[in-house]
Amino acid sequence: MSEMEWSDGLDDEQRRAVEHGATPLVVAAGAGTGKTRTLTARVARLLDAGVPPERVLLLTFTRRAAAAMTTRAAAACARPEAAGRLWGGTFHAVAHRLVAEHAPHLGLADVTVLDPGDVTDLLDLIREEHGLTGTGRRLPTSQSIADIYSRAVNTGTPARRLMAEQFPWCLPHADAITGLLRDYGTRKRARGLLDFDDLLLYWRALLDDERVGPRLRARWDWVLVDEYQDVNRVQVDIVRGLRPDGDGLTVVGDDAQAVYGFRGASPEHLLSLLDDLPKASLVRLERNFRSTQPVLDLANVARPGELRLRLVADRGAAGERPRVIRCRDADDEARQVADAVLAAHQEGLDLREQAVLMRTGTHSHQLEIELKVRSIPFVKYGGIGYLETAHVRDVLAAFRLALNPADEVSWYRLLTRHRAIGKAGARTLAGILSGTDEGRYDEALRTASDKARPGLAATLDQLRTAQSADATAAVVEACHAAVLPLLRVHYADWSRRSADIERLVESAAGGSDLRAFIADATIDPANVAGDWAKQPYLDEDYLTLSTIHSAKGLEWSAVHLIRASDGAIPSDMALTSDAGLAEEERLFYVAVTRARDTLHVYSPGRLPTHPTSFHARHVLAKPSRFLTPEVLAVADRVDVTRPAAPVDIDTDIGIDSDIDCAASRSATPVTVPSMDELFG
DNA sequence: CAAGTAATTGTTTTT
DNA sequence: CAATTACTTG
């Protein structure tokens, strides 16, 4: 054990966590307290102590976090090559690996992962049989039904009770919905289809199995879990199933940063672990290496939760006080943000060091227009990914059919892209084609209408080629050939979409394992998208726009939090329950703790009811309820709606009549440099 | 039963 | 202003 580089620069508490023995360890790590460094140092220390890397399992919530941690652990330990043999990844990715490995034990001939879009497609496909298609009164969307399903399994709540509590408008159809969901389950099982939730459920089932469970448990001595406040019931069971007495278990989390309640997570899981494992030790990390004290003063005041961590800036007391900017409306807000971003840029702060955070992807609409007008380059995270667009999913469906001809959902999707095949035709044909009958292709052709037959024949031909091909490139090429003529006709804006397809096909053909490529694309779209999606400004300087969820774990020198008005933060969707409101409060906390040096919080007095700006009606909005007097006391208030005198932000709700753009622009005397020369 | 046209809706957050 | 959805017509 030579250098012990992993110990470099750790403070006492971090070192305690890193050097802790085998008894269960809970690390309560506030934002910016070196959580990743601590976790990776602990892994490096284990490896340096001679632990075989394959006996260490590191579970994270995003692929990015997993990659960052293994890389850093490798860099910090004496045997960097060993870190490559670590088991690391998201819960879902590891689950997929294990489920594929144990497919026979699980009674699965093949494993195809359904993305959330596929799930709604499948529900659409079968809902008619359950009397959920009539026109007339409004029926719950398949999306809502999928939500009910997911929440039920992830929280262990009976669907009926769940509906009563959280989806009351679905209650009149409770019988039909529960019937549909049962059918959904058997349908998936019969076809070897697994949705995201199934991956976790199957993993848990493996752990519960008398024969497989002990072997799985014996595979790892050390299990480390990041972001434990974001685990749901099933994930808790998996972790506990892996380490029943807690020995070798390390979890890191922060109850104030739990923001995945809608996915069945609860910060309670972190807190209750301490009760469930009496031997567990708690280490609290409160020294913050990220932000200035003034930023942390605001964060500490805003911090919810039980752990009551108080962050202290390692950087000392100096720093600029956060600013709360009251603005007139969304357009005004966009101008304020753009002005501030440019001003900082002029003072030498790269755009890369700045980010705009928002509650939902649509909140940046006005800002995006403003940025385009001013030629400020930006990249937006958290919106609809390329892999979720229809045409890309069409190609993925073809890939999946090449590997799993029983994939009814993919059949359905592909069939509806054909001319002369609509919903009804696709449904019957998908049933035939996903079956096991020897002559199912011929039968499908016989069933198809005269108009549909030629197109279908061509598709089936190519898919047969794909299914019998060995080399990945050949499979991909055949699928490409099957899909191309369909999509060219089907999409009116084909020219805009074709480039995406080319990139996807190229990237899939380049890989060695199509199965892995599809699983990656499904379980972690960003991972694959990053390889081939266009990233025009990758080498250049650009501003980051991100949802708060996607910004978790990241940091920037300057952070602009927009739409800090009631109805946006907290989202009006969340106001119906205490739990929902508490989660919004945690989101606010996550957002403000992303800032290293400057934090600007913008609160428009009028919010668009409708995300697109034109015939948008506006509704009056109060400042976010999270901008409490205590929070405001540690911030500088700026009111750009009435530039003459600062107005108490609590009482001014901006009731002024119509907005005069020129007036509001002149009210903010920030000089706007020509962007062409700045970025030319 | 498919496909085209008209009307009418919107919209959390993500593995 | 999309993108579903309802209603028409072939």
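Because the structure is a prediction, the values reported are computed rather than measured. Heavy-atom basis, side chains included; hydrogens, waters and symmetry copies ignored. We name chains A, B, ... by the order of the sequence lines, and we start the count at 1 in each one.
Looking at which nucleotide of DNA chain B each of A:Lys423 and A:Leu200 is closest to, the 5′-most match is held by A:Lys423.
A cation-pi geometry, defined here as NZ or CZ lying under 6.0 Å from the six-membered ring centre and within 45° of its normal, holds between A:Arg97 and A:Trp87.
Qualifying side chain to side chain contact (heavy atoms under 4.5 Å, CB included) partners for A:Ala205, counting only residues two or more places apart in sequence or in other chains: none. Remark: A:Asp195 pairs with A:Lys188 by the salt bridge (charged side-chain N to carboxylate O under 4.0 Å, His left out) rule, at least two apart or across chains. Residues that satisfy the ring pair (Phe, Tyr, Trp, His ring centres under 6.0 Å) test with A:His92, not counting sequence neighbours, are A:Phe196. Listed by chain and residue number, nothing satisfies the ring pair (Phe, Tyr, Trp, His ring centres under 6.0 Å) test with A:Tyr589 (two or more places apart in sequence, or in another chain).
Between the side chains of A:Gln366 and A:Glu368, no donor-acceptor pair is found at a separation under 3.5 Å.
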Enumerate all atom pairs, one protein N or O and one N or O from nucleotides 3-5 of chain B, separated by less than 3.5 Å.
{"residue": "B:dA3", "atom": "OP1", "partner": "A:Ala420", "partner atom": "N", "Å": "2.0"}
{"residue": "B:dG4", "atom": "OP1", "partner": "A:Arg419", "partner atom": "NH2", "Å": "3.0"}

Tabulate below the donor-acceptor pairs under 3.5 Å that side-chain atoms of residues 256-263 of chain A make, not counting sequence neighbours, or state none.
{"residue": "A:Gln257", "atom": "OE1", "partner": "A:Arg594", "partner atom": "NH2", "Å": "3.3"}
{"residue": "A:Gln257", "atom": "NE2", "partner": "A:Asp254", "partner atom": "OD2", "Å": "2.8"}

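Of the candidate nucleotides B:dT15, B:dT13, B:dT12, B:dT15 has the atom lying nearest to any side-chain atom of A:His92. Comparing B:dC1, B:dT11, B:dT15 against the side chain of A:Ala424 picks out B:dC1 as the nearest. Proximity note for A:Thr62 (side chain, C-beta onward) versus B:dT12, B:dT15, B:dA2: the nearest is B:dT15.
When rounded to the nearest whole Å, the span between CD of A:Glu583 and P of B:dT14 equals 12 Å. In this structure, A:Asp230 atom CG and B:dT14 atom P are separated by 13 Å, rounded to whole Å. Rounding to whole angstrom units, NZ of residue A:Lys552 and P of B:dT14 are separated by 12 Å. As a whole-Å value, the separation of A:Leu59 CG from B:dT15 P is 16 Å. What separates CD of A:Gln366 from C1' of C:dC1 is a distance of 14 Å, to the nearest Å. The distance between atom CG of A:Asp147 and atom P of B:dT13, rounded to the nearest whole Å, is 12 Å. Taking atom CZ of residue A:Arg263 and atom C1' of nucleotide B:dT13, one finds them 9 Å apart after rounding to whole Å. The separation between A:Asn154 atom CG and B:dT14 atom P is 16 Å, rounded to whole Å.
Residue A:Ser571 places none of its side-chain N or O atoms closer than 4.0 Å to OP1 or OP2 of B:dT13.
Using C1' as the reference atom, B:dT12 and C:dT5 are 23 Å apart when rounded to the nearest Å. The separation of C:dT4 from B:dT13, taken at their C1' atoms, amounts to 22 Å, rounded to a whole angstrom.
Residue-level contact check: A:Phe262 touches the bases, meaning some heavy atom is under 4.0 Å from a base atom. Residue A:Phe91 is classed as having no contact, given no heavy-atom separation below 4.0 Å to the nucleic acid. A:Gly425 comes within contact range of the sugar-phosphate backbone alone, with a heavy-atom separation under 4.0 Å but no base atom that close.
Taking OG1 of A:Thr544 as the start and NE2 of A:His560 as the end, the distance is 11.0 Å to the nearest 0.5 Å.
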